[in-house]
Amino acid sequence: MPVKGDGVTRFFRNPDTGQLVIAQRPNLPLAIFLVATAVRIVADPDGTAGDVVSVIGTVALGWWGVDEVVRGDSPFRRVLGCVVLGLLVLRLLTA
């Protein structure tokens with residue numbers, strides 16, 4: 001079914017189904033990132049444990065971003081993946 005509407009409306013819709021796709025239930029890489037973030041906030045690990053939690057969270061967020069760029073359900077989700085990847089690379093380069 002072709003997506004109807006203006007460019008803004010189509011930006012947030014799945015081009016195959018026409019469904020509005022802005023937010024979705026967290027998938028595995030996003031869930032891992034959220035858990036790693038919660039661990040950093042609640043437990044505030046330092047040293048090697050803190051480094052491991054940070055690496056796990058960063059890799060999971062990168063995985064999520066790549067997955068969104070490749071398989072995002074709407075143009076918005078693909079752009080969001082690109083933005084997250086860009087910010088992640090910028091953070092890694094300026095660390």
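Sequential numbering from 1 along the given sequence is applied to the chain's residues. As the structure is a computational prediction, the values presented were derived from the model and not from experiment.
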**Student:** Do Trp64 and Val59 come within less than 4.5 Å of each other through their side chains, counting heavy atoms only?
**Tutor:** no

**Student:** State, to 0.1 Å, how close Pro45 and Val39 come at their nearest heavy-atom pair, and which atoms those are.
**Tutor:**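 For Pro45 and Val39, the tightest heavy-atom pair comes out as CD-O, 3.7 Å.
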
**Student:** Between Ile32 and Trp63, is there a side-chain heavy-atom distance shorter than 4.5 Å?
**Tutor:** yes

**Student:** Mind checking what makes salt bridge (charged side-chain N to carboxylate O under 4.0 Å, His left out) contact with Arg71, not counting sequence neighbours?
**Tutor:**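 Expected list: Asp67.
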
**Student:** Side-chain heavy atoms nearer than 4.5 Å, only ILVMFWY residues, links allowed to pass through others: does that put Leu28 and Ile56 together?
**Tutor:**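 Same cluster.
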
**Student:** Give the minimum heavy-atom separation between Thr58 and Arg91, together with the two atoms involved.
**Tutor:** OG1-NH2, 3.3 Å

**Student:** Rounded to the nearest 0.5 Å, how far does OG of Ser74 lie from CD1 of Ile22?
**Tutor:**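 The OG atom of Ser74 is 7.5 Å from CD1 of Ile22, to the nearest 0.5 Å.
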
**Student:** Would you name the heavy atoms of Asp73 and Pro15 that are closest together and state the gap between them?
**Tutor:** O-CD, 3.6 Å

**Student:** Look at the side-chain heavy atoms of Ile, Leu, Val, Met, Phe, Trp and Tyr, link any pair under 4.5 Å apart, and say whether Phe33 and Val52 land in one connected group.
**Tutor:**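 No, separate clusters.
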
**Student:** Does Arg13 use its side chain to pair, donor to acceptor, with the backbone of Val21 at less than 3.5 Å?
**Tutor:** no

**Student:** Report whether Leu87 and Val84 are members of the same hydrophobic cluster (ILVMFWY, side-chain heavy atoms less than 4.5 Å apart, transitive linking).
**Tutor:**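 Yes, because Leu87 and Val84 connect within a single hydrophobic cluster, where side-chain heavy atoms sit under 4.5 Å apart.
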
**Student:** Hey, can you tell me if Phe76 and Phe11 have their rings parallel, tilted or perpendicular (30° and 60° cut-offs)?
**Tutor:** perpendicular

**Student:** Looking only at atom types and distance, does a side-chain atom of Arg77 sit under 3.5 Å from a main-chain N or O of Glu68, one as donor and one as acceptor?
**Tutor:**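 Not confirmed, Arg77 side chain does not pair with Glu68 backbone.
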
**Student:** Can you confirm whether Ser54 sits close enough to Arg40 that some side-chain heavy atom of one is under 4.5 Å from a side-chain heavy atom of the other?
**Tutor:** yes

**Student:** Should Val83 and Phe12 be regarded as members of a common hydrophobic cluster, given that ILVMFWY residues are connected when their side-chain heavy atoms come within less than 4.5 Å of each other, either directly or indirectly?
**Tutor:**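 Yes; Phe12 is reachable from Val83 via cluster members.
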
**Student:** Tell me the closest heavy-atom pair linking Gly57 and Ala36, and the distance in Å.
**Tutor:** CA-CB, 3.7 Å

**Student:** Hydrophobic cluster membership, with links at side-chain heavy-atom distances under 4.5 Å among I/L/V/M/F/W/Y: are Leu85 and Val79 in one?
**Tutor:**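 No, Leu85 and Val79 fall in different hydrophobic clusters.
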
**Student:** Compare every heavy atom of Pro26 with every heavy atom of Ala31, then report the nearest pair and how far apart it is.
**Tutor:**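 Minimum heavy-atom separation between Ala31 and Pro26: N-CB, 4.4 Å.
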
**Student:** How far does CG of Asp46 sit from CG of Asp51, to the nearest 0.5 angstrom?
**Tutor:** 9.5 Å

**Student:** Keeping the roles fixed (side chain from Arg78, backbone from Val69), state whether a donor-acceptor pair exists under 3.5 Å.
**Tutor:**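 Yes; at least one donor-acceptor contact below 3.5 Å.
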
